[in-house]
Amino acid sequence: MADVLSHRKNGNVPAEMLVAVSAVVIVLMLIIPLPAILLDLLMSVNLILNILILLIVLYTRRAIDFSVFPTILLISTVFGLGLNISSTRLILSQGTKFEGKMVRAFGSFVVGVEGSEGLVIGFIMFIILVAVQAFVITKGATRVSEVAARFTLDAMGPKQMAVEAEYNSGAITEEESRRRKQEIQKEADFYGAMDGASKFVSNNVKLGIFITVINLVGGLIIGMVFHKEPFSQAIGTYATLTIGDGLLAQLPSLFISIATGILVTRSVSDGTFGGDVQSQFSRNAWVYFVGAGTLLVIAFLPKFPWYILIPIAAGLAYVGFRLQRTEKASFQASLQKAEAAEKKASGASPADASAVDPPDPISIELGYALIPLVDKDKGAELLERITRIRREVALDLGLRVPSIRIVDNMRIDPSEYCVKLKGVEVARGKIRMGWYLGINPGTVTEELPGEKTLDPAFSLPAVWISEDKRALAEQYGYTVVDPPSIIATHLTEIIKRHASEIIGRQEVQNIIDKIKKDYSAVCEEVTKLMGIGEIEKVLQGLLREQVSIRNIVVILETLADFRPVTKDTSILVEKVRQALGRQICLQYAGDDKVLRVITVENSLVQKIVESRLDTVNGPVAALEPAVHRAWIKALSHTVAAVQKAGYTPVVLCPEEARILIKVSTEREIPDLVVLSVPEISADIQVEAVGEIKLED
């Protein structure tokens with residue numbers, strides 16, 4: 001109220017009140033007759049209003065900068081219809097006495113020639129104008145609006161996800177992230193509104209044709225029947241007035257149709273339409289030279305107007321010459337700028353050069369069909385699962401997983417996802433949205449029909465099933481998982497399998513800094529004895545075999561004990577494993593604390609130990625090829641038998657052979673668990689369920 005009063009005191013009418021009054025007046029125009037002079041005034045206003053809208057669109061940089069356009073489109077359409085209805089009422093009621101100057105002026109200007117010939121020409125011109133608007137401009141703009149709305153809505157999720165990724169990486173602030181998301185939302189709302197608003201223009205054209213026919217037919221009936229006018233007089237009067245009225249209705253509508261088409265066909269750019277045309281038509285001077293040459297060739301052909309074509313060709317050649325000079329000057333300027341930058345860089349210290357950003361530690365690339373999994377409007381199930389995965393891995397392995405970046409990738413299959421570690425792909429999977437994956441864990445009683453596949457995490461046989469068959473699949477013994485769970489499980493296994501690649505020197509330093517406050521003595525002692533890189537190698541050796549490093553204090557104390565004795569990382573890893581013996585045994589023992597193991601024949605252990613070869617990357621078992629094949633064959637048979645019995649295969653061997661057995665089986669059986677005798681805790685019972693022997 002205070003704002004309105006202040007406007008009144010200053011003699012200004014609030015814009016909101018003016019818009020409200022205008023909207024009411026437009027609606028009343030459909031009912032209340034208007035005098036001819038007021039009709040002329042409003043028709044002039046309608047014409048200039050639509051011209052202004054077209055000019056504003058031409059000078060608008062982005063479509064969303066003119067966000068009121070859909071509403072203006074509706075108001076302009078209703079305003080024009082109101083004027084058309086009012087003029088129709090006056091034309092039919094007054095006939096030859098109609099005093100509308102705008103209608104008569106447009107009718108006389110288009111008809112031009114007196115008599116029936118002028119009327120025919122006027123009608124033909126009017127029909128062509130209406131056809132161009134209805135079948136070319138309006139129809140095309142409507143179709144473009146529909147496509148733009150659909151693609152804008154489809155791209156909304158990836159755009160918001162990209163903004164979220166930039167915010168998570170620290171590239172933009174929270175305020176900037178919020179502003180960008182609001183712009184993306186406004187853009188989607190704008191094109192959605194334009195999809196419906198474009199129908200106003202197309203239907204307005206159809207209604208204009210209908211009103212024109214009614215004007216002509218009704219005018220002839222009124223003139224000949226009620227006013228007793230001859231046909232020639234009636235057709236001359238009402239045809240001229242009908243053409244003028246139709247043009248005054250269709251011309252503003254034509255401007256608004258062109259504005260609609262321009263607005264929805266323009267891509268997002270940094271300049272206005274005129275600026276874009278100027279810059280894009282001046283990129284290549286040779287285009288104008290070729291055009292000029294083509295016109296010169298045509299000009300010398302018989303019966304072609306050379307006096308028109310040659311001047312145009314000369315003008316094109318001049319434009320090309322000017323553009324060529326501009327391009328040359330621009331190239332020289334850029335060359336000088338590059339040379340100056342090179343000199344400056346050569347004289348600068350290496351520290352001044354900006355470093356290349358390293359790839360993300362972990363990233364997931366999604367095909368566009370999987371975008372709903374991270375769309376916050378649709379629950380963002382995958383984002384919640386990833387948060388839980390990071391927390392679970394921290395509890396299970398003691399490893400703080402870095403932020404996982406999720407990006408869309410249009411180059412992969414729409415239903416695929418790709419997991420990368422430090423920019424390198426390590427796994428890929430395919431998801432069928434809206435379907436469930438029925439995994440066969442080996443206990444399925446009856447198979448379900450469907451598209452057969454493999455579980456991406458464990459390579460178990462699986463089948464895609466619809467939601468209505470989910471309960472039936474569970475009855476048959478399938479493990480049924482939804483798309484987010486598939487990716488989450490796969491990601492969990494990848495992180496565990498590649499945990500040793502995720503941890504680095506910086507992560508080790510962060511761990512030490514975190515516990516230094518409470519365990520300063522052990523931290524200081526270890527860091528004096530060992531470098532961060534050496535500690536990193538030990539932790540990587542533990543994580544490589546899924547040994548949790550959460551009990552970091554015990555690990556550091558063990559390193560402090562044995563680092564003065566040896567610098568061999570493999571031996572230090574073994575000593576740390578022995579210190580964590582109870583923790584490791586409980587990973588594989590049953591609830592009864594019984595550890596079921598596979599033993600290795602003594603003679604075979606001796607052969608493996610004797611074949612030890614120390615390399616830069618640690619010790620390896622350099623067995624003869626024939627012995628190695630026999631060893632792997634015997635191991636595979638025993639492991640298969642133990643798995644068939646329902647036990648996890650765990651190989652128990654002497655301390656000196658443990659690392660050699662593990663290294664020699666990594667390629668063929670990467671998940672094999674190998675324990676040494678000193679790792680067995682006193683409160684753990686051991687039960688042998690198999691023995692590995694070489695066949696004669």
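Just so you know, these numbers use all the heavy atoms, side chains as well, and skip hydrogens, waters and symmetry mates.
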(message) For Tyr588, I'd like to know if atom OH has over 12 heavy atoms of other residues, nucleotides or ligands within 6.0 Å.
(response) yes
Interatomic spacing from [atom1] in [X] to [atom2] in [Y] - rounded to 0.5 Å:
{"X": "Glu656", "Y": "Ile571", "atom1": "CD", "atom2": "CD1", "answer": "11.5 Å"}
{"X": "Leu370", "Y": "Asn409", "atom1": "CG", "atom2": "CG", "answer": "11.5 Å"}
{"X": "Leu382", "Y": "Ile386", "atom1": "CG", "atom2": "CD1", "answer": "4.0 Å"}

Do the side chains of [X] and [Y] get close enough for a salt bridge, i.e. N-O under 4.0 angstrom?
{"X": "Arg596", "Y": "Asp592", "result": "yes"}
{"X": "Arg385", "Y": "Asp482", "result": "yes"}
{"X": "Asp683", "Y": "Arg582", "result": "yes"}
{"X": "Glu624", "Y": "Lys607", "result": "no"}

(request) For Lys575 and Glu679, run salt bridge (charged side-chain N to carboxylate O under 4.0 Å, His left out): C-alpha distance rounded to whole Å, both residues' side-chain angles, the deciding distance at 0.1 Å, then the answer. (result) CA-CA 9 Å; Lys575 296 305 178 183; Glu679 293 175 25; over 6 Å; no
(message) Once side chain to side chain donor-acceptor pair (under 3.5 Å) is applied, what residue pairs with a partner in residues 528-539 remain, sequence neighbours excluded?
(response) Arg505-Glu536, Glu534-Arg563, Glu536-Gln540
(request) Check Lys496, Arg658, Arg497 against Glu545 for a salt bridge (charged side-chain N to carboxylate O under 4.0 Å, His left out) and give me the one that passes. (result) Arg658
For [X], give me all partners under side chain to side chain contact (heavy atoms under 4.5 Å, CB included), at least two apart in sequence or on another chain.
{"X": "Ile684", "result": "Cys585, Leu586, Lys593, Leu595, Ile680, Ser681"}
{"X": "Val426", "result": "Val419, Leu421, Ile494, His498"}
{"X": "Pro361", "result": "Pro402"}

Throw together a table of side-chain donor-acceptor distances under 3.5 angstrom for residues 626-649, partners on residues two or more places apart or in other chains.
unit_1	atom_1	unit_2	atom_2	d
Trp631	NE1	Ser664	OG	3.2
Ser636	OG	Ile632	O	2.8
Thr638	OG1	Ala634	O	2.9

Side-chain donor-acceptor pair under 3.5 Å between [X] and [Y], yes or no?
{"X": "Glu574", "Y": "Gln578", "result": "no"}
{"X": "Asp468", "Y": "Ser466", "result": "yes"}
{"X": "Asn510", "Y": "Gln506", "result": "yes"}

Could you check if a side-chain atom of [X] sits within less than 4.5 angstrom of a side-chain atom of [Y], using non-hydrogen atoms only?
{"X": "Arg400", "Y": "Glu507", "value": "no"}
{"X": "Leu491", "Y": "Ile404", "value": "yes"}
{"X": "Glu474", "Y": "Lys469", "value": "no"}
{"X": "Met433", "Y": "Ser415", "value": "no"}
{"X": "Val481", "Y": "Thr489", "value": "no"}

(message) Under the ring pair (Phe, Tyr, Trp, His ring centres under 6.0 Å) definition, can you give me all pairs with a residue in residues 458-495, not counting sequence neighbours?
(response) Tyr417-His490
(message) Tell me whether Lys662 contacts the main-chain N or O of Pro670 through its side chain, where contact means a donor paired with an acceptor under 3.5 Å.
(response) yes
(request) Look only at the side chain of Ser548 and the backbone of Asp396, and say whether a donor-acceptor pair between them is shorter than 3.5 Å. (result) yes
(message) Using the rule given for salt bridge (charged side-chain N to carboxylate O under 4.0 Å, His left out), can you reason through Glu524 versus Lys516, listing the C-alpha separation, both sets of side-chain angles and the distance that settles it, and then say yes or no?
(response) CA-CA 8 Å; Glu524 290 176 4; Lys516 197 169 187 178; 5.5 Å; no
